[in-house]
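Structure first, commentary second.
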Amino acid sequence: MPPVVRFAPSPTGFLHIGGVHTALFNWLFAHHEDGEFRLRIENTDTSREVAETVEQIQESLLWLGLDWDREVTFQLDRMEHCRKEAERLVAEGTAYEDEGAIRMRMPDEGVTAWDDLIRGRIEYPNEKLEDVVVVRADGRPTYNFASPVEDRLDSITHVLRGEDHISNTPKQIRILEALGAPPPEYGHLANILGEDGKKLSKRHGAISVEEFRRDGYLPGALVNFLALLGWSYDDKTTIMSRDELIERFTLERVGASPATFDYAKLDWLNGVYLRALSPEEYADTLLAYLREQGFEWDEGLVRAAAVLVQDKIAKLGDFPDFAGFLFGDVEVDVALLDGSASVLAEAEQELESLEPYTAETIEAGLRGLADRLELKPRAAFVPIRVAVTGSKVSPGLFESLELLGREKSVERIRNAKAAAA
RNA sequence: GCCCCCAUCGACUAGCGGUCCAGGUCACGGCCCUUUCAAGGCCGCAGCGCGGGUUCGAAUCCCGCUGGGGGCACCA
C-alpha cells in the first residue's frame with residue numbers, strides 16, 4: 001500500500017523555512033515511495049489565523065515545486081465530524097464532559113510507546129498524560145483531537161513532523177486507539193536552528209520563503225540545501241537535482257540531531273546553481289527575477305549584463321547593487337578618486353578616440369595608457385572603475401565600459417575628473 | 001521542577017565493532033590565476049563532550065554525567 005503523508009501548517013503566519021523543511025521531507029518521502037503528499041490547513045483556532053496566509057503558504061510551496069495531491073483540506077471543515085467522534089467517545093465512556101468541554105480519559109499507569117521512524121523506540125510515561133480536552137466548551141475540537149481524527153479520515157499512513165510534536169504523539173495514539181483506529185507510523189524530524197544554536201527566527205536573517213525568493217535564491221538550490229539538513233545520500237554527494245533527491249531519499253538516512261541553518265553554505269550552493277545555468281537560462285531567470293521585484297530595466301541590457309555577472313554573484317538579489325550602474329546614474333565617492341585626475345584625463349581622451357568602441361579596443365587602449373603612465377594596470381584601472389561604476393567592485397571593466405556606451409562612459413569619467421581635481 | 005529527544009571538525013555530514021592515527025562539502029588560512037570582485041586550481045587548519053563498562057578490539061554497543069533542544073494550554 002503506497003504511503004499517504006501530509007504537511008499540516010497552521011495559517012498563523014508566512015511559511016517558515018523550518019516548515020518547508022518538514023514539507024520537503026514529506027514530499028520527498030511520498031514521491032520516493034510513489035505515495036501521496038497532502039496539504040492540510042490546521043485552522044481550528046480562527047482567532048489566531050492571519051489573513052492571506054493560506055494563499056501565501058500554497059504559493060510558497062508551489063514556488064519551491066512542492067506540489068500536493070488532491071485538494072487542500074481545512075481542519076475547520078471537519079469540525080462536525082470531530083464533534084461526532086467526540087460524542088461517540090463520551091457515549092462509549094472513554095471521554096467525558098468537564099465544564100462544557102469534552103475530555104479524553106488517559107491511562108495513568110504504564111507507558112505509551114511507538115517505534116519512531118527516525119528515532120527508534122520512544123516511551124512516554126502514561127502518568128504524564130493528562131485527560132486532554134478534545135472539544136472546547138465552545139464546540140471547536142482542539143488540535144490534538146482534530147489532527148489524529150483527520151489523519152484517520154485522510155488515511156494518513158506516515159506522520160512526519162517536527163520534534164516539538166513528540167509529546168503530542170502519545171496523546172494522539174491514545175485518541176486513535178479509543179476511536180478504534182490503528183495509528184499511523186510516526187517520525188519526528190529534528191529542528192532547524194539558527195547560527196547561535198537557538199531556534200531559527202527573524203533575527204537570524206531570512207526566514208520565510210518569501211524572503212528567500214525576494215533575495216534571489218533559486219528554488220532548486222533551496223530545496224537541495226534543505227534536503228541536506230538532516231539527511232544525506234552518502235559521504236560525498238552534495239549537488240542533487242530534484243529527481244535525484246526523490247530517487248535517493250529514504251527515511252533510513254534521516255538523522256535525529258538538530259541542524260544549524262548555514263546561510264554561507266546556502267549562498268555557495270545557490271551560486272553553484274546559478275553558474276550551472278546556460279547563459280540563456282541565466283538571462284531569462286535574472287530577467288524574470290528583476291521583473292518580479294519591480295525593476296523595469298531594459299531587457300537587452302539586462303541580457304548583455306547577465307553574461308558579465310553570472311559567475312560573480314551568488315544570488316540574483318545582488319544584481320541591482322552590482323550592475324545597477326548600467327541602468328542609472330552613479331554616485332562617486334570622491335575620496336576614492338584622490339590623486340587620479342591625470343589618469344582620468346588620459347582615459348577620457350583614450351576612450352573618445354577609440355574606433356571601434358569595443359571591449360577589445362578598450363582593453364588595448366587602457367592597457368597602453370597604464371604603460372605610458374608607468375602604472376600597474378591594477379592601479380590605473382581603479383579610478384576609472386570607480387568613476388564609471390561608482391564602486392571598486394564591479395563586473396569586468398572593459399566589458400562594462402562597452403556596455404555602458406562611449407557617451408556615458410566618457411561623461412562619467414569627465415565628471416569624476418572634475419570632482420577629483 | 002517534571003517528561004521526552006539529541007550529542008563526530010566553527011557549520012552540514014559520512015561512519016551502522018576491526019578496512020578510521022576518522023572521509024566529503026561550506027566557512028576559514030595560504031599559494032596560483034587575475035583589471036576589481038568573483039569563479040577556478042593547488043595546499044592547509046580543524047572533530048569523535050566526559051567517565052565508567054561490554055569486547056581480543058569502540059567514534060561505532062550499554063550505563064551515568066555534562067551540555068544542548070523540545071514539551072508540560074479549552075495554541076497549533
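The sequence lines fix the lettering, A, B, ..., with proteins before strands; numbering per chain opens at 1.
With B/C74, B/G71, B/C26 as the candidates, the nucleotide lying closest to the side chain of A/V133 is B/C74. For A/A264, counting side-chain heavy atoms from C-beta on, the closest listed nucleotide (B/A73, B/C26, B/U35) is B/C26. Checking B/C37, B/C12, B/A11 against the side-chain heavy atoms of A/L228 singles out B/C12 as nearest. Closest contact between the side chain of A/S10 and the listed nucleotides B/C4, B/A76, B/U35 involves B/A76. Among the nucleotides B/C74, B/C6, B/C3, the one closest to the side chain of A/P125 is B/C3. The side chain of A/E99 approaches B/C74 more closely than any other nucleotide in the set B/A27, B/C4, B/C74. Of the candidates B/A38, B/C2, B/U36, B/A38 carries the atom nearest the A/D311 side chain, counting heavy atoms from C-beta on. For A/N144, counting side-chain heavy atoms from C-beta on, the closest listed nucleotide (B/A76, B/C12, B/C6) is B/A76. Candidate nucleotides B/G10, B/C3, B/U36 were compared by shortest atom distance to the side chain of A/Y124, and B/C3 ranks first. For A/W268, taking side-chain heavy atoms from C-beta onward, the closest of the listed nucleotides B/C74, B/A27, B/G15 is B/A27.
Between A/E163 and A/R119 there is a salt bridge, since at least one side-chain N of the basic residue sits less than 4.0 Å from a carboxylate O of the acidic one. With respect to the salt-bridge test (charged N to carboxylate O, under 4.0 angstrom), the residues A/K315 and A/D267 qualify. Between A/E42 and A/R40, at least one side-chain N (NZ, or NE/NH1/NH2) sits under 4.0 Å from a carboxylate O, which counts as a salt bridge.
One interatomic measurement links the two molecules: CG of A/L193 to C1' of B/U13, which rounds to 15 Å at whole-angstrom precision. Across the protein-nucleic acid pair, A/N224 atom CG and B/U13 atom C1' stand 14 Å apart, rounded to whole Å. Taking atom CZ on A/F319 and atom C1' on B/C37, their separation rounds to 15 Å, with Å as the unit. With rounding to whole Å, A/Y186 atom OH is found 18 Å from B/G70 atom C1'. Whole-Å rounding puts the A/N191 CG to B/C12 C1' distance at 16 Å. Across the protein-nucleic acid pair, A/L269 atom CG and B/G24 atom C1' stand 15 Å apart, rounded to whole Å. In this structure, the NZ atom of A/K128 is 13 Å from the P atom of B/G1, given to the nearest Å. One can place NZ of A/K265 at 8 Å from C1' of B/A11, the figure rounded to the nearest angstrom.
Residue A/G396 is classed as a base contact, given a heavy-atom separation below 4.0 Å to a base. Residue contacts for A/A137: at a heavy-atom cut-off of 4.0 Å it reaches a base atom on one of the strands shown. Residue-level contact check: A/D98 touches the bases, meaning some heavy atom is under 4.0 Å from a base atom.
Residues A/W68 and A/F37 keep their aromatic ring centres 6.0 Å or farther apart. With ring centers used as reference points, A/Y143 lies under 6.0 Å from A/H165.
Toward the 5′ end of RNA chain B lies the nearest nucleotide of A/D234, the other residue of the pair A/E399 and A/D234 mapping further downstream. Heavy-atom distances to RNA chain B give each of A/V382 and A/E42 a nearest nucleotide, and the one nearer the 5′ end belongs to A/V382.
Using a 4.0 Å cut-off, no side-chain N or O of A/R161 falls inside it from OP1 or OP2 of B/C5. Between A/T260 and B/C12 there is a side-chain N or O to OP1 or OP2 distance below 4.0 Å. Contact check, A/S232 against B/A14: a side-chain N or O comes under 4.0 Å of OP1 or OP2. A/R385 has no side-chain polar atom (N or O) that falls below the 4.0 Å cut-off from OP1 or OP2 of B/C37. Close to B/U36, at under 4.0 Å from its OP1 or OP2, lies a side-chain N or O of A/R378.
Nucleotide B/U36 is matched to nothing when pairs are restricted to Watson-Crick or G-U wobble geometry with both distances under 3.5 angstrom. Using N1 to N3 plus N6-O4 or O6-N4 for Watson-Crick, or N1-O2 and O6-N3 for G-U wobble, each under 3.5 Å, B/U55 pairs with nothing. Remark: B/A7 base-pairs with B/U66. Criterion, Watson-Crick or G-U wobble with two distances under 3.5 Å. Shown here, B/C28 forms a base pair with B/G44; the pair counts as Watson-Crick or G-U wobble because both key distances fall under 3.5 Å.
Once the 5.5 Å centre distance and the 30° plane angle are applied, the aromatic ring of A/H165 is found not to be stacked with the base of B/G71.
Using atom C1' as the reference point in both B/C62 and B/U54, the two lie 7 Å apart (nearest Å). Between the P atoms of B/C4 and B/C65, the separation comes to 12 Å (whole Å). Distance check on atom P: B/G47 versus B/C9 gives 9 Å, rounded to whole Å. Annotation: B/A22 and B/A58 have their C1' atoms spaced 13 Å apart (nearest Å). The P atoms of B/G23 and B/C16 are separated by 14 Å, rounded to the nearest whole Å. Between B/G15 and B/C48, the distance separating the two C1' atoms is 10 Å to the nearest Å. As rounded to the nearest Å, B/G18 and B/G1 have C1' atoms that lie 46 Å from one another. Rounded to whole Å, the P atom of B/G70 lies 32 Å from the corresponding atom of B/G52.
If you check distances only, the side chain of A/N168 does reach the base of B/A76 with a donor-acceptor pair under 3.5 Å.
When only modelled atom types and interatomic distance are considered, A/N168 and A/N144 share a side-chain donor-acceptor pair under 3.5 Å. Between A/E210 and A/S60, the side chains place a donor N or O and an acceptor N or O closer than 3.5 Å (distance only, hydrogens not considered). Counting only N and O atoms by type, the side chains of A/T73 and A/R38 include no donor and acceptor under 3.5 Å apart.
For A/R88, the side-chain hydrogen bond (donor to acceptor under 3.5 Å, both in side chains) partners are A/E85, A/E92, not counting sequence neighbours.
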